[in-house]
Amino acid sequence: MRNKMMLHTTLLLLIATLATACGGGRKASQETQREEIWVSILPLKGIVSAIVGEEYPIRVLVPAGASPESFEPSARQLAEIDRARLVLGVGLLDFEQNLLEKLGRQRPIINLSEGIDLERGCCAHAGHAHHHAHGIDPHVWTSPRELQLLARNAYEAIRVAYPDSAHYRTRYEALDNRLKALDEACAKQLQEAGIKEFMIYHPALSYYARTYGITQRAIEHEGKEPSAKRIAELIDEGHRMGCRNILYQSQFPASSVEIIATDLGGKALAFDPLAEDIISEIERITNLIANP
């Protein structure tokens with residue numbers, strides 16, 4: 001009888017321990033989810049991670065390899081975003097603006113492009129033109145100076161959401177100094193190379209070109225492939241510019257520019273404006289442009 005009582009007590013303790021562990025696990029999971037920070041695209045993850053470190057998970061809406069122009073969030077993503085404490089976006093992408101209509105949250109997606117002098121333009125996906133935010137070029141994160149404003153706005157949003165985390169300022173200042181150094185290095189490299197123009201398939205570097213006073217010659221125009229006549233004109237322009245290589249986004253096929261690059265005696269060079277480590281990618285873009 002005594003052994004049965006001991007066995008019964010042991011089983012009760014075991015059940016209680018398991019229940020506590022499971023309950024604690026659910027609570028921890030809910031707390032982690034509540035403290036997640038969501039961003040719209042991968043370059044913002046790199047910036048936000050530099051500010052908060054590893055304290056909170058940074059979740060990204062548009063996965064690597066996907067296009068923001070054609071992206072549609074899943075029902076699961078919508079539910080998770082609606083519970084998130086902080087959601088940060090560029091504020092210029094169609095899906096970001098459409099997202100608010102699908103969410104029940106009272107707090108808006110924070111627009112990190114606030115204060116940036118915006119350029120007119122549009123994007124294309126699969127041969128169709130997509131006009132963003134009433135014809136605004138959304139690629140503000142491809143320029144070091146605009147990236148500084150995005151980082152500052154991200155820091156301010158994080159500081160308000162987490163006022164007790166004073167050490168975020170130290171990380172933000174280190175990031176800001178790195179972005180300023182990036183800007184100076186890009187300006188110096190382009191100036192020393194004497195670059196005035198560069199050729200690109202899709203006009204994703206408008207803000208970069210504006211920042212450094214150079215001209216972006218785009219092959220694609222408003223989502224449309226160039227005609228045979230336009231291709232001949234582009235080849236003539238490339239020879240006049242002394243440009244052999246042509247940049248294209250890795251999200252587009254190389255075949256879009258290979259013919260023109262071959263006629264110029266150069267190569268089609270891929271870059272990724274949606275890279276998570278956008279600082280390193282801007283350094284790489286500068287190297288590509290400075291060595292035409």
Side-chain angles (χ1 to χ4, degrees), residues 39-51 58 60-69 71 88-90 92-93 112-113 116 119 121 123-125 132 137-154 171-172 174-191 193 195 198-212 214 216-220 245-254 256-257 261 266-292:
V39 297
S40 60
I41 57 175
L42 275 168
L44 295 185
K45 179 182 179 181
I47 293 301
V48 173
S49 296
I51 298 172
I58 311 297
V60 185
L61 269 167
V62 183
S67 170
E69 278 78 41
F71 176 75
L88 308 172
V90 178
L92 303 173
L93 298 167
L112 298 184
S113 65
I116 292 177
E119 290 274 332
C123 285
H125 177 79
H132 296 278
D137 186 330
H139 302 98
V140 290
W141 64 89
T142 60
S143 165
R145 291 181 196 171
E146 275 67 35
L147 202 53
Q148 288 177 52
L149 287 172
L150 289 173
R152 184 183 70 187
N153 290 337
R171 290 176 180 161
Y172 162 68
L175 172 62
D176 187 53
N177 288 334
R178 187 181 176 193
L179 291 172
K180 288 176 179 175
L182 173 67
D183 179 26
E184 293 173 1
C186 290
K188 181 180 180 181
Q189 187 172 357
L190 292 171
Q191 184 179 21
I195 298 298
F198 66 95
M199 296 189 76
I200 189 170
Y201 174 69
H202 178 66
L205 298 177
S206 301
Y207 294 94
Y208 179 99
R210 182 182 72 180
T211 293
Y212 302 114
I214 56 180
Q216 171 185 241
R217 297 285 183 191
I219 294 172
E220 175 207 81
N245 300 327
I246 302 176
L247 276 64
Y248 74 98
Q249 288 181 227
S250 56
Q251 290 80 19
F252 290 85
S256 303
V257 296
K267 298 179 181 178
L269 303 175
F271 72 99
D272 185 6
L274 295 172
E276 179 177 336
D277 186 357
I278 192 61
I279 294 177
S280 293
E281 190 63 15
I282 289 174
E283 291 174 338
R284 184 171 168 276
I285 288 169
T286 303
N287 287 330
L288 292 177
I289 294 175
N291 296 281

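Atoms considered below: every heavy atom in the structure, side chains included; atoms not considered: hydrogens, waters and symmetry mates. Keep in mind that this is a model prediction, so the values were computed, not measured.
Nearest approach of Glu119 to Tyr207, heavy atoms of both residues: N-OH, 2.9 Å. Of all heavy-atom pairs spanning Thr142 and Ala204, the tightest one is OG1-O, 3.4 Å. Scanning all heavy atoms of the two residues, the minimum distance from Ile246 to Ala261 falls at CD1-N, 3.7 Å. Annotation for Leu88 and Leu44: closest pair O-CD1, 4.0 Å, computed over non-hydrogen atoms. Residues Arg171 and Ala50 share a closest heavy-atom pair of CB-O, 3.4 Å. Here the closest non-hydrogen pair linking Pro203 and Asp137 is O-OD2, 3.7 Å.
Here the CG-CZ distance, from Leu182 to Arg145, works out to 10.5 Å after rounding to the nearest 0.5 Å. Note that CD of Glu281 is 10.0 Å distant from OG1 of Thr286, once rounded to the nearest 0.5 Å. Within the model, atoms CD of Gln148 and CG of Asn177 stand 9.5 Å from one another, a figure rounded to the nearest 0.5 Å. Rounding to the nearest 0.5 Å gives a distance of 9.0 Å between CG of Asn291 and CG of Asn245. Distance check, rounded to the nearest 0.5 Å: CZ of Phe198 to CD1 of Ile285 gives 8.5 Å. Atom CG of Asn287 is separated from atom CD of Gln189 by 4.5 Å, given to the nearest 0.5 angstrom.
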Query - side-chain contact (heavy atoms from CB on, under 4.5 Å) between Leu112 and Val140, intermediate numbers included - result: CA-CA 10 Å; Leu112 298 184; Val140 290; over 6 Å; no

**Report entry** Criterion side-chain contact (heavy atoms from CB on, under 4.5 Å) on Tyr212 and Asp183, from CA distance to verdict
**Finding:** CA-CA 9 Å; Tyr212 302 114; Asp183 179 26; 2.8 Å; yes

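Taking the side-chain hydrogen bond (donor to acceptor under 3.5 Å, both in side chains) definition, one finds that Tyr172 meets it with nothing, sequence neighbours left out.
Formation of a donor-acceptor pair under 3.5 Å by the Trp141 side chain with backbone atoms of Leu274 is not found in this model. The main-chain N or O of Ala268 is never found under 3.5 Å from a side-chain atom of Tyr248 such that the two would form a donor-acceptor pair. A donor-acceptor distance shorter than 3.5 angstrom exists from the side chain of Gln216 to the backbone of Leu205, with no hydrogens or angles considered. At least one donor-acceptor pair under 3.5 Å links the side chain of Ser113 to the backbone N or O of Val90.
When side chains are defined from C-beta on, Ile279 counts as touching Leu175, because their heavy atoms get closer than 4.5 Å. Residues Tyr208 and Ile214 meet the side-chain proximity criterion, which asks for heavy atoms closer than 4.5 Å.
Only one option out of Gln251, Arg284, Gln249 pairs with Asp272 in a side chain to side chain donor-acceptor pair (under 3.5 Å); it is Gln251.
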